[in-house]
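Working notes, beginning with the structure itself.
All values below come from the heavy atoms of this structure, side chains included, with hydrogens, waters and symmetry mates left out. For ligands, and for the atoms within them, numbers begin at 1 and follow the listed sequence. Since the model is a prediction, treat every value here as computed from it, not as a measurement.
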Amino acid sequence: MKQLKETAGKIKSMEIRGAGRIARAAAGELRDYAYRIRIKDIDEFNKKMKAAAGLLVSTRPTAVSLPNAVRAVMRYEGESVAEAKSSINKLADEFISNSENAVKRIGEIGSRRVRDGDTIMTHCNSAAATSIMAAAHEQGKNINVIATESRPRMQGLITIKQLDSLGIKTSLIVDSAVRYFMKDVDIVIMGADAITANGSVINKIGTSQLALAAHEVRKNVIIAAETYKFSPRTILGELVEIEERDSSEVISKEKLGEFSNVSVKNPAFDVTPREYVDLICTEVGAIPPEMAYVIIRDFLGWGIEEMNSEGIW
Ligand code: RUB
């Protein structure tokens with residue numbers, strides 16, 4: 001329980017962050033937790049697994065990769081605890097390796113859209129998006145990246161560090177300079193925390209601002225997202241919840257306390273309408289956002305009837 005709570009805490013505090021990493025960490029934790037349960041009764045075991053799944057899913061509400069990963073593992077079968085454990089082990093390992101391969105494949109597919117000499121603008125830190133840049137660079141294309149700071153958590157600093165270590169030339173800009181620099185950009189590449197059935201993209205706050213500025217000057221926006229970032233529940237009309245984080249990420253409690261009429265709003269994500277997205281690059285191919293439903297239906301393997309049930313696992 002201690003380690004389970006620790007992993008949940010790390011996801012919540014963003015020590016483990018980024019939709020793909022969160023998903024892999026949750027799958028891995030469910031597998032390890034299952035092996036730590038010392039119960040012989042299968043019903044009791046299943047109850048404990050369900051509680052653990054619920055705890056992990058509750059840590060961050062927006063990244064759909066998290067419930068999708070948890071569900072992939074919670075599909076386990078077994079009449080006995082030993083069988084259940086081995087099924088969980090297999091499903092979790094499968095999810096993790098598929099996820100890692102997906103990021104690599106997205107790099108290969110997405111890099112075909114990057115031309116030699118391109119300037120790419122990116123936002124926040126997305127493993128799927130940087131995989132495209134890394135692949136293009138590896139192919140010998142000379143690229144320049146403009147990376148936003150991505151306040152308040154400054155994930156842009158992670159991006160510039162990663163790109164720098166690969167030898168990719170990168171400029172760091174403040175978030176409000178996005179429109180100013182858009183004229184110099186050839187292509188915008190970003191990640192996603194969730195993609196809805198109608199092709200809207202939910203990603204780090206400010207993503208829609210980049211997409212809007214790109215749209216204004218007819219620059220292409222590519223979203224790099226594994227198939228498990230697509231949200232099955234949006235088929236039922238559900239909206240993706242936008243996480244609102246603590247005010248202390250924006251201004252210290254002490255400073256805020258000096259004011260009587262000031263509050264802080266700190267949404268972590270925003271929604272980019274599909275009209276501003278040219279292509280979603282997944283591991284099964286680059287698709288127009290209008291095809292999001294097909295990905296949910298054909299690649300996630302969710303039946304509509306399963307989604308109608310109370311829980312998702
Ligand atoms: C991270 C973020 C990333 C997506 C995709 O937000 O918005 O663009 O999660 O990342 P946070 P990846 O830092 O709040 O988790 O491609 O790595 O899954």
Side-chain angles (χ1 to χ4, degrees), residues 7-28 56-57 59-69 95-96 98-111 120-135 145 147-163 175 178 188-196 200-211 221-231 240-246 249-250 266-272 277 280-283:
T7 302
K10 281 182 188 170
I11 297 175
K12 206 176 173 61
S13 69
M14 291 174 57
E15 192 179 319
I16 299 172
R17 53 147 297 282
R21 274 186 75 215
I22 291 172
R24 288 189 292 275
L56 289 166
V57 167
T59 51
R60 290 197 78 187
T62 304
V64 171
S65 53
L66 178 56
N68 279 349
F95 179 86
I96 294 168
N98 286 346
S99 160
E100 285 163 352
N101 290 337
V103 174
K104 203 162 168 279
R105 184 84 186 118
I106 287 170
E108 289 160 10
I109 296 174
S111 62
I120 300 166
M121 188 179 274
T122 191
H123 185 53
C124 193
N125 175 255
S126 155
T130 48
S131 172
I132 295 180
M133 299 171 223
V145 177
T148 57
E149 282 182 318
S150 312
R151 279 180 181 266
R153 296 293 296 250
M154 309 286 280
Q155 290 92 332
L157 299 183
I158 307 173
T159 299
I160 58 166
K161 192 174 171 199
Q162 289 172 349
L163 297 178
D175 298 330
V178 158
V188 176
I189 305 178
M190 300 181 282
D193 274 75
I195 294 172
T196 67
S200 297
V201 171
I202 292 95
N203 191 48
K204 182 53 56 196
I205 188 77
T207 297
S208 66
Q209 204 164 260
L210 264 79
V221 172
I222 291 189
I223 297 296
E226 305 89 300
T227 47
Y228 56 81
K229 309 257 178 81
F230 287 69
S231 168
V240 175
E241 185 185 338
I242 301 291
E243 177 181 10
E244 181 78 32
R245 294 190 62 89
D246 200 76
E249 289 186 346
V250 181
N266 185 21
F269 303 97
D270 66 16
V271 183
T272 301
V277 176
I280 301 177
C281 188
T282 76
E283 73 276 21

Report yes if the side chains of [X] and [Y] come closer than 4.5 Å at any heavy-atom pair, otherwise no.
| X | Y | result |
| --- | --- | --- |
| Ser231 | Thr196 | no |
| Asn266 | Asp246 | no |
| Arg17 | Arg153 | no |
| Val188 | His123 | no |

Name the residues in contact with ligand 1, where contact means a heavy atom under 4.0 Å away: which are they?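 For ligand 1, the residues that come within the 4.0 Å heavy-atom cutoff are Met14, Arg17, Gly18, Ala19, Gly20, Arg60, Cys124, Asn125, Ser126, Ala127, Ala128, Gln155, Ala192, Asp193, Asn203, Lys204, Lys229, Phe269.
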Backbone N/O of Ile189 and side chain of Thr122: donor-acceptor pair under 3.5 Å: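 Yes, because the side chain of Thr122 sits within donor-acceptor range (under 3.5 Å) of the backbone of Ile189.
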So Ser208 and Asp270, side-chain contact (heavy atoms from CB on, under 4.5 Å) or not? Walk me through it. CA-CA 7 Å; Ser208 66; Asp270 66 16; 2.8 Å; yes
